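Down below is the structure, laid out as structure tokens.
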Amino acid sequence: MRYVKVALNLPLDQLFRYKVPQKLAAQIKVGKRVLVPFKRRKLVGFVVEEAKEEDFEGLKEVISIVDEFSPLEDDLFRLGRWISDYYCSPLGQTLHAIVSIQYPFKADKGATTRKHLSSYKDVEEPPSFLKEEKVVLFQTENWQERTDLYLELIEKVLSRGKQVILIVPEVSYIPFLKRKIQAHYKNGLSVFHSRLTPKQRYLEWQRMRRGDVELVIGTRSAVFAPFPNPGLIIIEEEESLSHKQREIPRYHTREVAIKRGKIQNFPVVLVSQSPSMESWWQARKGNYKLVEISRGKDNFPLVEIVDLRKEKDRLFSTSLKRSIEKTLKEGELTLLFLNRRGFANFLLCRECGEVLRCPNCNIGLTFHLKGRLICHYCGYEEDAPRICPSCKGRHLYQVGVGTEQLEMEARKKFPEARIRRADLDIIDTSLAYRKLLDELGKIDLLIGTGLIIKEEILQRAKLVGVVLLDNLLNLPDFRAGEWTFQVLTKIRNLIKKEGRLIIQTYNPTHYALTAIREGRGELFYEKEMDLREELGYPPHLHWTRILLEGRGKGEVEEVAERIRKELEAERVNFLGPSSCPFGRIKRRYRYHLILRDKDPARLREILKRKLYLLFKHFHNVRVIIDVDPLRTM
DNA sequence: AGCACGCCGACT
DNA sequence: GTCGGCGTGCTC
């Protein structure tokens with residue numbers, strides 16, 4: 001009798017053993033999907049290893065085999081084991097994320113023609129940097145450079161009979177890129193992302209597996225494209241936070257791509273206008289090859305930094321106002337960037353000092369026009385009161401500025417201008433976004449949040465005003481400086497080169513601003529790295545965050561304390577426990593501890609040996625392990 | 001995760 | 001007296 005261990009799509013670090021019935025014995029092997037009985041359910045799982053016959057009575061039998069092919073070849077299986085180990089995610093859930101297709105949909109047989117990849121000859125030389133380097137970090141300034149680069153790389157790799165994976169941060173990036181590339185490669189192109197229907201997903205996946213596809217463009221899960229012979233992965237906007245999966249397994253696509261490249265022996269190209277500190281640091285140490293394509297700072301637009309402490313008008317400094325007037329006269333587009341929607345950030349009672357907060361999240365409620373108070377975290381809404389709920393005071397101050405108020409002020413100041421606002425309250429569908437793009441030619445002044453920091457919008461702007469940089473710079477996360485630098489770099493690189501970037505701030509001497517003004521990114525990276533080193537932040541140290549969420553404050557605190565005690569016995573470097581910067585979201589209290597070490601393996605070892613056992617006993621507290629977290633708010 | 005078992009409140 | 005609330009426990 002044969003027995004196998006099966007990994008199920010459950011949040012359990014456990015494998016389950018099943019008997020292999022005689023009639024299935026010939027087909028069952030590691031990497032195959034099987035249907036198994038589980039309690040009163042039937043679940044799909046992966047055969048992970050053969051099991052020895054043991055003194056375990058009552059093993060159930062495998063019901064059937066799901067696919068005739070093997071959905072998880074050896075290399076991807078190894079990758080899955082690595083992800084499961086590195087990111088502390090259950091193997092079953094990890095493998096199910098890698099093979100993200102459901103039950104077989106019948107493909108039209110014969111509809112596709114199989115290409116004979118083996119008939120390609122290894123005649124063309126790969127670009128020289130791809131020969132000796134495993135990871136290349138490409139720093140470019142615009143789309144044209146990047147698409148040219150992609151086309152060249154793709155061609156070289158395809159000519160050697162290998163396939164290419166191109167990863168973008170979000171689905172919305174795909175149509176534009178697809179159009180550019182389609183002109184060159186029509187048949188062997190596939191698109192793969194989470195918004196495909198299960199059937200489309202299945203069919204695309206099969207096309208890739210059979211060798212009918214040479215190039216796939218997709219989001220995170222495309223990193224697991226089941227190509228017979230992958231030759232290159234390109235990661236577009238490698239610094240984007242979207243590359244990190246928010247659900248289990250919480251992997252970073254960039255790191256997974258690099259690991260896959262190591263396993264299957266192919267290079268990985270990271271592309272960015274302003275690399276993440278992580279990638280910059282790797283390049284700095286010589287682990288990645290850095291290739292810069294730059295027009296040189298003489299071709300940058302003018303950058304002006306306005307010290308708001310010396311201005312009378314907190315929204316429109318003299319200089320910004322003058323520049324807008326000039327740009328309006330020229331009939332060119334102005335963008336005003338303000339990273340906060342709504343009218344005012346919060347309402348403050350002048351008599352008792354209380355701020356009106358969300359009952360679920362304890363975060364200041366944002367004041368919107370039409371007199372509504374809205375929580376930007378959970379969506380809670382209420383009518384704004386006239387008098388303070390805690391002291392009955394009559395003077396509720398609107399503190400801080402949002403895009404609504406900026407729009408109102410702009411309409412007063414520039415009555416003839418055609419003004420539009422673009423934030424999540426207005427651009428709530430991809431259709432609305434499309435419409436905005438179509439109508440861009442009929443807009444003089446576009447006011448928006450992060451939504452407008454896109455190449456297709458920025459490239460049409462002559463003037464960009466960053467209304468209040470401090471909103472970004474002062475976010476409660478140690479990466480706030482890095483994010484700020486990245487946003488400013490993007491704006492500077494992408495707007496018209498004869499244009500102007502005006503940055504208004506109360507902190508005009510910040511090193512990110514110096515670096516932007518002088519067009520010398522290294523000033524930012526060097527200084528930021530010094531700080532990260534001094535304070536024990538990534539990438540100098542690896543972090544693993546243990547996030548605890550629960551309805552009862554006391555319970556969460558108790559759990560946090562127990563973990564603290566365990567960690568203290570381990571003599572590991574850690575922060576906390578402390579309340580998260582956003583200490584309560586959707587009625588759940590949030591506490592975290594942050595483990596730090598140069599060697600991430602040490603942190604994993606502690607988690608697995610000690611804490612896992614402990615986690616089992618917490619009931620009303622959810623434990624979230626985030627390895628290499630990108631946000632710690 | 002999901003699904004059952006289990007022991008306490010308002011209902012025909 | 002029952003229907004059902006969701007706490008906790010287990011799944012090869």
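In this text the structure is predicted, and so the values were computed from the model without any measurement. Chain letters run A, B, ... following the sequence lines, proteins first and then strands; every chain starts at 1.
- Relative orientation of the His252(A) and His243(A) rings is tilted, given thresholds of 30° and 60° on the angle between their planes.
- Atom CG of Asn9(A) and atom P of dC3(B) are 14 Å apart (whole Å).
- Sequence order on DNA chain B of the closest nucleotides to Gln93(A) and Arg40(A) puts Gln93(A) first from the 5' end.
- Checking dG9(C), dA1(B), dC12(C) against the side-chain heavy atoms of Arg41(A) singles out dA1(B) as nearest.
- When rounded to the nearest whole Å, the span between CD1 of Ile63(A) and P of dC12(C) equals 11 Å.
- Atom pair Glu50(A):CD and dC12(C):P shows a separation of 20 Å (rounding to whole Å applied).
- Within 4.0 Å (heavy atoms only), Tyr18(A) reaches sugar-phosphate atoms of the nucleic acid but no base atom.
- Counting to the nearest Å, the C1' atom of dG2(B) and the CG atom of Leu8(A) are 13 Å from each other.
- For dC12(C), one of the phosphate oxygens OP1 or OP2 lies less than 4.0 angstrom from a side-chain nitrogen or oxygen of Lys60(A).
- Residue contacts shown for Leu12(A) include a base, since a base heavy atom lies under 4.0 Å away.
- At least one donor-acceptor pair under 3.5 Å links the side chain of Thr197(A) to the backbone N or O of Gln200(A).
- Distance, Asn620(A) CG to dT8(C) P: 6 Å, rounded to whole Å.
- Cation-pi geometry between Lys454(A) and Phe176(A) is not satisfied (NZ or CZ under 6.0 Å from the ring centre, within 45° of the ring normal).
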Applying side-chain hydrogen bond (donor to acceptor under 3.5 Å, both in side chains), run through Arg341(A) and Thr366(A) and close with a yes or a no.
CA-CA 8 Å; Arg341(A) 62 199 166 92; Thr366(A) 306; over 6 Å; no
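- The nearest whole Å value for the distance from the CD atom in Gln14(A) to the C1' atom in dC12(C) is 8 Å.
- In this entry the distance linking NZ of Lys39(A) with C1' of dT11(C) reads 5 Å, nearest Å.
- Between the CG atom of Asp13(A) and the C1' atom of dA1(B) there is a distance of 14 Å, rounded to whole Å.
- Taking the side chain of Phe16(A) as heavy atoms from C-beta on, and the options dG2(B), dA1(B), dC12(C), the nearest nucleotide is dC12(C).
- Taking the six-membered ring where the residue is Trp, Tyr202(A) and Phe69(A) present tilted rings, their angle falling between 30° and 60°.
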